[in-house]
Structures are given as C-alpha cells and as structure tokens.
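Remarks on the structure that follows.
Side chains are part of it too, since the values below use all heavy atoms of this structure and drop only hydrogens, waters and symmetry mates.
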Amino acid sequence: METIQKIGQISVPVKDFNRAISFYQNILELPLLFSTGTLAFFDCNGVRLLLSLPEKEEFAHASSILYFQVEEIHKAHAEFTNKGVSFIDEPHLIAKIGQTETWMSFFKDTEGNTHALMSEVEAE
C-alpha cells in the first residue's frame with residue numbers, strides 16, 4: 001500500500017486575484033513561483049500554496065486555516081501589523097508540552113480567510 005508522504009500543495013480561494021497576490025507576495029513575503037490565468041503559485045518552504053478564483057460557487061468559501069511558522073512570534077506580529085495585516089488577537093500561549101511552548105496569533109488575509117502565525121519555543 002502506498003502511504004502519504006507530505007502535503008504538496010494547499011489551495012486558498014480568493015475573491016480579488018490581484019489583491020490576494022499582492023498580500024501573499026508583498027506582505028507575507030512568500031516567493032511567487034508563477035501565475036497564470038486565475039492561478040498563482042507561491043513557495044512556503046517546500047509546500048506550494050495555490051491562490052485561485054473559485055471556478056464554481058460551491059468552492060467560494062473560506063479556506064482551511066494555514067499556520068505559518070515563525071521564529072519570534074512577537075516580532076513577526078509587530079512587523080506584519082506595521083504592514084497592515086489585520087490580526088484577530090495578540091500572540092498568546094496555546095499549549096505547553098514538556099519544555100516546549102506553542103504560541104499563536106490569528107489574522108485575516110485580504111480575502112477574509114483566517115490564518116495564523118505560530119511559534120514553538122523552549123519554555124523559560
């Protein structure tokens with residue numbers, strides 16, 4: 001039996017294609033691999049992120065939450081806030097497992113999708 005090895009691509013539905021490309025490329029600073037028609041492909045450290053205008057109304061809904069890993073969540077939160085990112089909350093502790101703390105802060109992209117910054121750090 002063949003087993004799943006990794007996530008190769010994640011699709012995020014958008015409403016305004018050019019606005020979404022600008023947000024992911026200029027604000028989140030993800031490298032744009034290429035864009036064609038109504039599809040734009042970004043690289044997120046080996047995982048392809050696809051922005052697309054939904055072909056049918058049944059696909060025109062908010063995406064799953066993407067959790068973008070950052071090293072220093074408070075610094076990233078401040079930098080993205082300065083770039084105009086609309087955060088829902090401040091960085092906060094989600095869980096402590098052993099000596100590892102998981103911190104998160106949720107935000108909206110320009111298309112109304114909810115995503116998060118996350119950071120896993122050694123507890124002090």
Side-chain angles (χ1 to χ4, degrees):
M1 182 171 124
E2 188 66 28
T3 59
I4 294 174
Q5 297 175 349
K6 68 175 186 172
I7 292 174
Q9 180 170 291
I10 298 170
S11 178
V12 175
V14 301
K15 299 173 183 122
D16 183 316
F17 191 64
N18 292 326
R19 177 181 64 193
I21 288 174
S22 178
F23 179 81
Y24 283 82
Q25 184 175 29
N26 300 323
I27 304 297
L28 298 186
E29 297 184 7
L30 295 177
L32 177 65
L33 298 171
F34 65 95
S35 176
T36 176
T38 60
L39 305 173
F41 296 85
F42 291 84
D43 177 56
C44 189
N45 197 26
V47 175
R48 234 179 7 236
L49 183 61
L50 162 63
L51 303 184
S52 65
L53 289 171
E55 290 181 32
K56 299 178 181 176
E57 186 60 34
E58 64 191 86
F59 299 119
H61 53 77
S63 72
S64 297
I65 297 173
L66 302 179
Y67 294 83
F68 294 102
Q69 184 110 24
V70 296
E71 216 171 298
E72 297 180 32
I73 195 163
H74 291 89
K75 182 178 177 183
H77 181 273
E79 289 175 2
F80 286 127
T81 297
N82 287 338
K83 289 182 171 186
V85 173
S86 177
F87 280 91
I88 298 167
D89 55 17
E90 296 292 319
H92 57 283
L93 180 64
I94 297 290
K96 182 176 179 183
I97 302 170
Q99 291 302 308
T100 303
E101 293 181 349
T102 301
W103 287 73
M104 292 185 189
S105 181
F106 292 85
F107 65 93
K108 295 275 189 185
D109 70 6
T110 55
E111 309 310 295
N113 297 301
T114 300
H115 299 309
L117 299 180
M118 70 175 287
S119 184
E120 294 181 327
V121 297
E122 191 172 321
E124 296 180 13

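The hydrophobic cluster containing Ile73 does not contain Tyr67, counting ILVMFWY residues as joined when their side-chain heavy atoms lie under 4.5 angstrom apart, directly or transitively. Hydrophobic clustering (side-chain heavy atoms under 4.5 Å, transitive across Ile, Leu, Val, Met, Phe, Trp, Tyr) groups Ile65 together with Ile94. Put simply, Met118 and Leu30 are part of two different groups of oily side chains (I, L, V, M, F, W, Y) that touch within less than 4.5 Å, one to the next. One hydrophobic cluster, built from ILVMFWY side chains closer than 4.5 Å, holds both Phe107 and Leu93. The same ILVMFWY cluster, assembled from side-chain heavy atoms under 4.5 Å apart, contains both Val70 and Val85.
Other residues, nucleotides and ligands contribute over 12 non-hydrogen atoms within 6.0 Å of the CG atom of Asn82. For CD of Gln9, the number of neighbouring non-hydrogen atoms (other residues, nucleotides, ligands) closer than 6.0 Å is greater than 12.
By the 4.5 Å heavy-atom criterion applied to side chains, Leu39 and Leu51 are not counted as neighbours. No side-chain heavy atom of Phe68 sits under 4.5 Å from any side-chain heavy atom of Phe80. When side chains are defined from C-beta on, Val47 counts as touching Ile10, because their heavy atoms get closer than 4.5 Å. Using a 4.5 Å heavy-atom threshold, the side chains of Glu29 and Lys83 count as touching.
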Which atom pairs, one a donor and one an acceptor, fall under 3.5 Å between side chains of residues 20-27 and the rest of the protein, sequence neighbours left out?
unit_1: Ser22; atom_1: OG; unit_2: Asn26; atom_2: ND2; d: 3.1
unit_1: Tyr24; atom_1: OH; unit_2: Asp109; atom_2: OD2; d: 2.6
unit_1: Tyr24; atom_1: OH; unit_2: His115; atom_2: NE2; d: 2.9

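Between Phe87 and His77, the ring-plane angle classifies as tilted under the 30° and 60° cut-offs.
Shortest non-hydrogen contact noted between Val14 and Pro54 is O-CD, 3.2 Å. For the pair Ser119 and Glu71, the tightest heavy-atom approach, listed with the atom from each and the gap, is OG-O, 2.9 Å. Here the closest heavy-atom approach between residue Phe17 and residue Gly37 is recorded as CE2-O, 3.5 Å.
Under the side-chain contact (heavy atoms from CB on, under 4.5 Å) criterion, Ser11 pairs with Leu50, Ser52, sequence neighbours left out.
Other cluster members for Ile97: none, since no ILVMFWY side-chain heavy atom sits under 4.5 Å from it.
In terms of modelled atom types and a separation under 3.5 Å, the side chain of Thr114 and the main chain of Lys108 share no donor-acceptor contact.
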